[in-house]
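Structure first, then comments.
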Amino acid sequence: MTQLDTLVREFLEHLEVEKGRSLKTIDNYKFYLQRFTEWSQCKTLSEVTADKVRQFRLWLNRNVIGRQDGMVKANTQNYHLIALRSFLKYCAKRDMDCLAPEKIELAKQPSRQVEFLEAEELKRIIGQACAKPGIVGLRDRAIIELLFSAGLRVSELTNLKIENINLERDEFTIRGKGGKTRIVFLSDEARKHVKSYLEKRMDISPYLFVSHDRAKKGRNSTSPLSPRSVQRMIERCAVAAGITKTITPHTLRHTFATDLLRNGADIRAVQSMLGHSSITTTQVYTHITDKTLRDVHKKFHGSAA
């Protein structure tokens with residue numbers, strides 16, 4: 001094992017122990033750093049130079065890595081650079097002679113486009129969920145209402161257990177991305193439909209949402225729903241509702257944030273409810289919810305006509 005391989009291993013252990021990062025995050029950092037070390041053939045920290053990083057960026061941008069278009073997207077390129085920069089920061093804090101982390105600049109990305117549902121579109125999707133017979137229809141309605149009410153990530157939803165939610169209250173605590181906890185809130189509609197679904201449940205699974213797979217009756221018919229299962233359900237409802245844009249569970253999270261901001265919610269409050277570490281992440285919604293710009297347009301545009 002080379003010096004650089006050893007340092008990468010120690011860095012990943014640092015993320016796990018000192019930083020308390022999730023195993024998924026650590027796996028991602030490991031993947032990006034291993035890609036760099038394998039491509040660069042660097043054996044020592046001193047070999048990681050600004051020019052070597054520049055060549056690596058060119059390689060990512062120009063070469064096929066499991067992609068038909070022959071290049072890695074700008075945001076994925078940045079994931080590699082963020083991992084490398086974090087590794088160098090770790091080495092610098094250990095007083096090791098290495099490339100200054102701040103010399104690694106991220107690639108410029110196009111403005112992020114946020115897809116969300118209008119109220120009428122959401123109503124149509126809910127209608128398709130309700131059209132399903134029996135307990136599956138009750139479950140799917142409850143899922144959609146809860147995603148929209150609380151702005152949950154799909155992984156947060158599928159990890160919920162019945163004991164996590166107190167239907168006598170309109171709020172509960174959830175552990176989200178990076179292990180951070182936050183308070184989320186239930187609307188009256190979400191509470192009503194989650195309650196209706198649970199009242200029909202006859203199983204003993206601790207999970208809030210389960211599969212109800214009749215084909216597995218007697219074995220594991222009530223295993224917790226996977227994020228992919230929730231995604232497929234929402235995609236089917238959207239198609240059946242005649243919505244042509246791509247709809248995912250995260251679209252409901254976007255719709256939650258957009259609805260709050262459109263109705264005058266403070267962006268810092270929305271940041272907290274979404275569980276964003278940085279206000280910059282939340283600000284992606286402001287360009288589609290800025291009522292002030294709309295008022296200016298109405299007041300001043302076309303006044304000479």
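Keep in mind the model is a prediction, meaning the values are calculated, not measured.
Hydrophobic cluster membership is shared by L160 and L167, with clusters built from Ile, Leu, Val, Met, Phe, Trp and Tyr side chains linked at under 4.5 angstrom. Under the 4.5 Å side-chain contact rule for hydrophobic residues, V53 and M96 share a cluster. Cluster annotation: L106 and F56 are assigned to the same hydrophobic cluster (Ile/Leu/Val/Met/Phe/Trp/Tyr, side-chain heavy-atom contacts under 4.5 Å, transitive). In the hydrophobic clustering of ILVMFWY residues, with side-chain heavy atoms under 4.5 Å counting as a link, Y285 and I279 come out together. The hydrophobic cluster containing L84 does not contain Y79, counting ILVMFWY residues as joined when their side-chain heavy atoms lie under 4.5 angstrom apart, directly or transitively.
Below 30°, between 30° and 60°, or above 60°: for F36 and W39 the angle between ring planes is between 30° and 60°, a tilted geometry. Between Y197 and F209, the ring planes are parallel. Angles under 30° get that label, and only those over 60° would be called perpendicular. Taking the six-membered ring for Trp and thresholds of 30 and 60 degrees, F11 and F87 have ring planes more than 60 degrees apart, a perpendicular arrangement.
For K132, the NZ atom is densely surrounded, since the number of other residues' heavy atoms within 6.0 Å is greater than 12. Taking a 6.0 Å sphere around CG of L58, one finds it holds more than 12 heavy atoms contributed by other residues, nucleotides or ligands. No more than 12 heavy atoms of other residues, nucleotides or ligands sit less than 6.0 Å from atom NZ of K93.
Salt-bridge annotation for R54 and D51: present, with a side-chain N of the basic residue lying under 4.0 Å from a carboxylate O of the acidic one. Between K43 and E47 there is no salt bridge, since no side-chain N of the basic residue sits under 4.0 Å from a carboxylate O of the acidic one. Using a cut-off of 4.0 Å between Lys/Arg side-chain N and Asp/Glu carboxylate O, R169 and E171 are scored as salt-bridged. Between R268 and D266 no salt bridge is recorded (no basic side-chain N to carboxylate O distance below 4.0 Å). Ionic pairing of E168 and K195 is not present here: no N-O contact between side-chain nitrogen and carboxylate oxygen is shorter than 4.0 angstrom.
Between the side chains of E10 and H14, no donor-acceptor pair of N or O atoms lies under 3.5 Å. When only modelled atom types and interatomic distance are considered, D5 and T2 share a side-chain donor-acceptor pair under 3.5 Å. Of the N and O atoms on the side chains of S22 and T25, at least one donor lies less than 3.5 Å from an acceptor on the other residue.
P249 approaches L147 most closely through the heavy-atom pair CB-CD1, 4.3 Å. Between I144 and A129, the shortest heavy-atom contact is CD1-CB, 3.8 Å. Of all heavy-atom pairs between V210 and S205, the closest is CG1-OG, 3.3 Å.
A distance of 11.5 Å separates CD1 of I126 from CG of D140, quoted to the nearest 0.5 Å. Between the OG1 atom of T251 and the CD atom of E235 there is a distance of 9.0 Å, given to the nearest 0.5 Å. Here the CE-NZ distance, from M202 to K200, works out to 10.0 Å after rounding to the nearest 0.5 Å. Here the CG-CZ distance, from L198 to R139, works out to 12.5 Å after rounding to the nearest 0.5 Å.
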Applying side chain to side chain contact (heavy atoms under 4.5 Å, CB included), run through L186 and L146 and close with a yes or a no.
CA-CA 7 Å; L186 284 171; L146 187 54; 3.3 Å; yes
Does E118 form a side chain to side chain contact (heavy atoms under 4.5 Å, CB included) with L122? I'd like the steps, not just the answer.
CA-CA 6 Å; E118 298 292 350; L122 178 60; over 6 Å; no
Could you go through the salt bridge (charged side-chain N to carboxylate O under 4.0 Å, His left out) check for K19 and E13 one step at a time?
CA-CA 9 Å; K19 293 294 186 180; E13 291 170 350; over 6 Å; no
Where do E121 and F116 land on the side chain to side chain contact (heavy atoms under 4.5 Å, CB included) test, with the steps shown first?
CA-CA 9 Å; E121 292 175 320; F116 63 95; over 6 Å; no
Please step through side-chain hydrogen bond (donor to acceptor under 3.5 Å, both in side chains) for the pair S226 and S229, ending with a clear verdict.
CA-CA 5 Å; S226 68; S229 295; 2.9 Å; yes
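Side-chain contact check for L45 versus L4: some heavy-atom pair is nearer than 4.5 Å. With contacts defined as side-chain heavy-atom distances shorter than 4.5 Å, the pair L117/L252 qualifies. Residues V8 and Y29 have side chains not in contact (no heavy-atom distance under 4.5 Å, counting atoms from C-beta outward).
A search for salt bridge (charged side-chain N to carboxylate O under 4.0 Å, His left out) contacts involving D188 returns R191, not counting sequence neighbours. When the side chain to side chain contact (heavy atoms under 4.5 Å, CB included) test is applied to K180, the partners found at least two apart in sequence or on another chain are S277.
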